[in-house]
Amino acid sequence: MDTADRAHAPVVVAIDGPSGSGKSTVSRAVAARLGLSFLDTGAMYRAMTWWMLANDIDVDDAEAVAIACGKPVIVSGTDAAGPTITVDGQDVSGPIRGPEVTAKVSAVSAVPAVRARLVELQRGCAEVAPRGIVAEGRDMGTVVFPDATAKIFLTASGAARAARRAAELRAKGVDEATIASMAADLDRRDAADSSRETAPLAQARDAVLVDTSELTLDQVIDTVATLVEERAQQPSAV
C-alpha cells in the first residue's frame, strides 16, 4: 500500500470471527506487517466486564450494567508491537483473560448501552490512527466499520478452535481443569454472541470468508495481508 494513498484515505480493516479462529494473532501480525494500528475490541468488552465484577455490579442484571457502563475509563493502546488495555489507569491485560471474565463477558457484551459506549470508543481509535487500523472483534464489519476498506471473516472448525485455545492456555501455564472448562465454554460463547439481539456475531455481506482450519498461521497472515493490499488499491476503498 502506498503511504501517500493512506494519508488521503486511512485504511480500516475489519476482522471478525468466533473465539479461537485466530483473529487476535492474525490481526496484530497483519497490522505490524502493513504499518497499521491494531485494535482488540474483545479486550475492551473484557475490560468492561472486569470492571463490573471488580465493582460488584450484577452482570446478569442488564439494567444495572447499562447504568454503570459509563463509569470506567477504558483506554486501548493500538501499537501492534505492544497493545495495551487499561481501566481507570490500571493495566488489566492479564486479569481480563481469566475464567471469571470469560464466563461473563457475553452477558455484558449483550447490553446495548455497553455496545454503544464501546463502539464510540472503537471508532475514536480509528479516527486517530495515523495510517489506518486493523480492528478485530465480532461486529467490526457489520456494525462498527460498515464502510471498512477490507472486511474479513475468519473461521475454523470447532475442533481446530478448541485445540488452538487449549495450546494457548497451556503456554500460559493454565492448569488442565481450567483449560477443559474454558474449551467447553467456546460453544456457549459462540451461541450467545450469535443469537444476541444487539450486534450479533455474523459475517458481513461483503466480507471475505477465510477458513483457517487447515492453514498455518503464516498462510493466514499472507492471505489476509494480500486481501487488504488489494482492497486498499481499489478506487472505491474508503
Side-chain angles (χ1 to χ4, degrees), residues 1 11-46 76-85 93-94 96-98 102 105 125 129 131-141 145 148-174 176 178-180 182-187 189-190 193-194 201-204 207-233:
M1 287 181 292
V11 172
V12 176
V13 182
I15 299 182
D16 294 307
S19 300
S21 58
K23 296 190 309 295
S24 295
T25 303
V26 171
S27 299
R28 185 173 172 181
V30 169
R33 179 180 295 189
L34 302 181
L36 305 176
S37 298
F38 164 70
L39 181 62
D40 178 354
T41 64
M44 298 175 79
Y45 285 100
R46 284 176 171 274
S76 293
T78 58
D79 182 353
T84 58
I85 183 82
S93 56
I96 64 172
R97 302 296 175 182
T102 297
V105 66
C125 288
R131 303 176 69 186
I133 198 164
V134 177
E136 64 99 339
R138 285 169 169 72
D139 62 348
M140 296 300 98
F145 302 112
T149 311
K151 299 180 185 180
I152 293 101
F153 192 88
L154 291 185
T155 189
S157 68
R161 293 190 293 115
R164 290 171 185 170
R165 181 53 52 86
E168 176 185 313
L169 294 171
R170 287 192 186 97
K172 294 179 179 178
V174 177
E176 290 299 321
T178 302
I179 289 174
M182 294 180 76
D185 198 49
L186 278 175
D187 288 340
R189 288 184 59 201
D190 288 346
D193 292 341
S194 298
L201 166 64
Q203 180 181 341
V208 177
L209 178 66
V210 177
D211 189 328
T212 68
S213 301
E214 303 298 327
L215 301 177
T216 66
L217 176 58
D218 286 342
Q219 287 174 326
V220 179
I221 294 169
D222 288 342
T223 297
V224 173
T226 298
L227 284 169
V228 173
E229 290 178 316
E230 290 174 349
R231 294 300 174 91
Q233 292 168 0

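Note that the numbering runs from 1 along the sequence shown for the chain.
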- Note on the structure: d(T226 OG1, I221 CD1) to nearest 0.5 Å is 11.5 Å
- Given side chain to side chain donor-acceptor pair (under 3.5 Å), test D211 with S213 step by step and report yes or no. CA-CA 6 Å; D211 189 328; S213 301; 2.7 Å; yes
- Query: Are the side chain of D16 and the backbone N or O of F153 linked by a donor-acceptor pair below 3.5 Å?
  - Reply: no
- Item | Student check: side-chain heavy atoms of R46 and T102 closer than 4.5 Å | yes
- Task: Mind listing the closest non-hydrogen atom pair of K23 and G17 along with its distance?
- Result: NZ-O, 3.0 Å
- Query: Just wondering, do T212 and V26 contact through their side chains at under 4.5 Å, heavy atoms?
  - Reply: no
- Task: Taking the side chain as every heavy atom from C-beta outward, state whether F38 and C125 have any atom pair closer than 4.5 Å.
- Result: no
- Message: Holding to side-chain contact (heavy atoms from CB on, under 4.5 Å), I want the full list of residues that pass it with S93, two or more places apart in sequence or in another chain.
- Response: I85, D91
- Query: Does some side-chain heavy atom of R164 sit less than 4.5 Å from a side-chain heavy atom of S19?
  - Reply: no
- Message: Quick one, R231 and V208 - any side-chain contact, counting heavy atoms below 4.5 Å?
- Response: yes
- Message: Could you report the tightest heavy-atom contact between A148 and A14, atom names first, then the distance?
- Response: CB-CB, 4.0 Å
- Task: Return each pair, listed once, that meets side-chain hydrogen bond (donor to acceptor under 3.5 Å, both in side chains) where at least one residue sits in residues 30-42; pairs must be two or more places apart or across chains.
- Result: R33-D222, D40-R97
- Query: Any side-chain heavy-atom pair from V30 and V13 closer than 4.5 angstrom?
  - Reply: no
- Partners meeting side-chain contact (heavy atoms from CB on, under 4.5 Å) with E214 (sequence neighbours left out): none
- Determine yes or no for a side-chain-to-main-chain donor-acceptor pair under 3.5 angstrom, with R28 supplying the side chain and A80 the backbone. yes
- Message: With side-chain hydrogen bond (donor to acceptor under 3.5 Å, both in side chains) as the test, pick out the partner of E136 among S24, S21, S27.
- Response: S24
- Message: Quick check against the 3.5 Å criterion: does T149 have a side-chain atom that pairs as donor or acceptor with the backbone of V12?
- Response: yes
- Task: Would you indicate whether the side-chain heavy atoms of L34 and R131 approach each other to under 4.5 Å?
- Result: no
